[in-house]
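Note sheet for the following structure.
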Number of protein chains: 2
Amino acid sequence: MGIADRKLKEKEELKALILQAAKKLFVTQGVEQTTIRKIASEIDYSVGTVYVYYKDKNDILHDLHTQGFKQLSSEMRVLFNVANPMERLMALGRVYLQFAFENSDMYNLMFNLKAPIEFLDSINKEEWNEGKGTFDVLKTTVKECLDKGHFKGHELEPLSFAIWGAVHGMASLHISQRIKGVNVSNPDSMVNRGYEAFSLMLEKV
Amino acid sequence: MGIADRKLKEKEELKALILQAAKKLFVTQGVEQTTIRKIASEIDYSVGTVYVYYKDKNDILHDLHTQGFKQLSSEMRVLFNVANPMERLMALGRVYLQFAFENSDMYNLMFNLKAPIEFLDSINKEEWNEGKGTFDVLKTTVKECLDKGHFKGHELEPLSFAIWGAVHGMASLHISQRIKGVNVSNPDSMVNRGYEAFSLMLEKV
DNA sequence: CAAATATAATGAACATTGTTCAATAAAAAT
DNA sequence: ATTTTTATTGAACAATGTTCATTATATTTG
């Protein structure tokens, strides 16, 4: 079985090489500029080869989105040490926002663009494990807050979702450049000040 | 000046006709399917004519986005009668969410897609009057709440932005289909329950 | 009213995209 | 050495946004 194994390994390596080239293009030039031809030429393979290893462009973008979630997860994992759940919750939001700011194209792919979900649909997979895992981290933290007596009168899931929505919304408005242009004193710091206002709300509940 | 006036009117009419065709395609088939060729064929004009009246596709999409804001504004205007600012604030959120649900492609164009902002950039216009107007309605209502003693310890702009972000975020997560797939009991009602949780937070502050 | 000018509309042509697939090359099995 | 299997190729296709010389129409002028 030596040959079959080697071939399998080689296939994995080439697929990884394609993804690496795709990521380089994606990070530096965005989604639209990440074309199959550019990916192929980047690694000196033909267009057709890319389609041997990936079903279509959505497949590649889904793989990229998964990589993004791995990075976000590892950045959130650092906060597992924080014992106080309220403190951890606030820090989670900051880490999340920072990720969105520093990797805006990737964030957009992960949470706004259709491509990754369209790919899941195309292979009849209704689960979105990447999102699920991240949301579970939030839910667990909110649960601990509730157990400690915070957020009186709130249910776990709706509250968790509202928190996710608030942070996601502020990040998205920044990324889609909808803040500058709106009549606001200091657009660049708006997300941070908005998050502080939101934190203040959470603390008072 | 009779002829010049008539010509001006005819030009406006044809431009409106193009926009109307574009809107029909946009509403029924989404952004990508709203192609210049389809728009032209819809009104029995050639492709080139569309480009006489609109600079490019972003120009058309920007015009569509403006129409969306007109509709949203008129739906929000109904609530100007509500005297109690807190009550009006809650209702504004509901109207906003309902608009996003019932016109998701349009909402996405208005608040998420690059096209309208790219168009503004291309004509060196840094103002975004549509968004500004809508945000001002929110800000005014929040201001009245503050004046009545609500939201103690909060600043107007950050709080208003956080509220906008929360509602926008929940709407966007719904539209980008990021809710189903996440491990949640009833995905379809999640936005409504999330907004109730958020409202509860606001009331307690 | 006829000719000249100005305005409007046209659609073929271009570049770029994702995608396919018969043909070729390389590797493995016989 | 031959056959079979596997891997790679890149030309070709359809669809897109966009341009622009050409044609048609309308207006102005002499």
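Note that these values count all heavy atoms, side chains included, but never hydrogens, waters or copies made by symmetry. Residue numbering restarts at 1 for every chain, and letters A, B, ... go by the order of the sequence lines.
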Notebook entry, point to check: Which of the following nucleotides, C:dT19, D:dG17, D:dT8, is nearest to the side chain of A:Ile36?
Noted result: C:dT19
Item checked: Whole angstrom value for the distance that separates P of C:dA9 from CD1 of B:Ile39 -> 16 Å
Next item on the list: State whether the number of non-hydrogen atoms from other residues, nucleotides or ligands found under 6.0 Å of A:Lys15 atom NZ is greater than 12.
Entry: yes
Below 3.5 Å is the cut-off: list the nitrogen or oxygen pairs between protein and nucleotides 24-29 of chain C, distance only.
unit_1: C:dA28; atom_1: OP1; unit_2: A:Arg6; atom_2: NH2; d: 2.1

Item checked: Ring-ring centroid check B:Phe69 B:Phe111, cutoff 6.0 Å -> yes
Check: Looking only at side-chain N and O atoms, does A:Tyr45 come under 4.0 Å of OP1 or OP2 in D:dA7?
Finding: no
Next item on the list: Tell me what A:Tyr53 touches on the nucleic acid: a base, only sugar-phosphate, or nothing, going by heavy atoms under 4.0 Å.
Entry: sugar-phosphate
Check: Expressed in angstrom and rounded to an integer, what is the separation of B:Glu32 atom CD from D:dG17 atom C1'?
Finding: 14 Å
Notebook entry, point to check: To the nearest angstrom, how far is A:Tyr54 atom OH from C:dG18 atom C1'?
Noted result: 17 Å
Item checked: Gap between atoms CG and P, on A:Asp59 and C:dT20 respectively (whole Å) -> 12 Å
Item checked: NZ-CD distance between A:Lys38 and A:Gln29, expressed to the nearest 0.5 angstrom -> 4.5 Å
Next item on the list: Take atom CD of A:Glu10 and atom P of D:dT5, then tell me their distance rounded to the nearest Å.
Entry: 20 Å
Check: Base, sugar-phosphate, or nothing: which does A:Thr35 touch, judged by heavy atoms less than 4.0 Å apart?
Finding: sugar-phosphate
Checklist line | B:Tyr107/B:Tyr96 under ring-ring contact (aromatic ring centres under 6.0 Å, His included): CA gap, chis, key distance, verdict | finding: CA-CA 10 Å; B:Tyr107 183 87; B:Tyr96 188 93; 5.5 Å; yes
Notebook entry, point to check: Any side-chain N or O of B:Ser46 less than 4.0 Å from the OP1 or OP2 oxygen of C:dA9?
Noted result: no
Note to self: Measure NZ/B:Lys9 against C1'/C:dA8 and give the value in whole Å, please.
What the structure shows: 18 Å
Next item on the list: Have a look at B:Leu14 and say if it touches a base, only the backbone sugar-phosphate, or nothing, with a 4.0 Å heavy-atom cut-off.
Entry: sugar-phosphate
Checklist line | Separation of C:dT17 C1' from A:Gln29 CD (nearest whole Å) | finding: 15 Å
Checklist line | Interatomic distance where OH belongs to B:Tyr51 and P belongs to D:dT18 [whole Å] | finding: 4 Å
Note to self: I want to know whether B:Tyr195 and A:Phe161 have ring centres closer than 6.0 Å.
What the structure shows: no
Next item on the list: Report the residue (A:Val31 or A:Gly48) whose heavy-atom-nearest nucleotide on DNA chain C is the more 5′ of the two.
Entry: A:Val31
Next item on the list: Verify ring-ring contact (aromatic ring centres under 6.0 Å, His included) between B:Phe135 and B:Trp128, making sure each step is shown before the conclusion.
Entry: CA-CA 11 Å; B:Phe135 187 59; B:Trp128 180 42; 9.7 Å; no
Item checked: Whether over 12 other heavy atoms sit under 6.0 Å from B:Lys70 NZ -> no
Note to self: Looking only at the side chain of A:Arg37 (C-beta and beyond, no hydrogens), which of the listed nucleotides D:dA12, D:dT9, D:dT18 gets closest?
What the structure shows: D:dA12
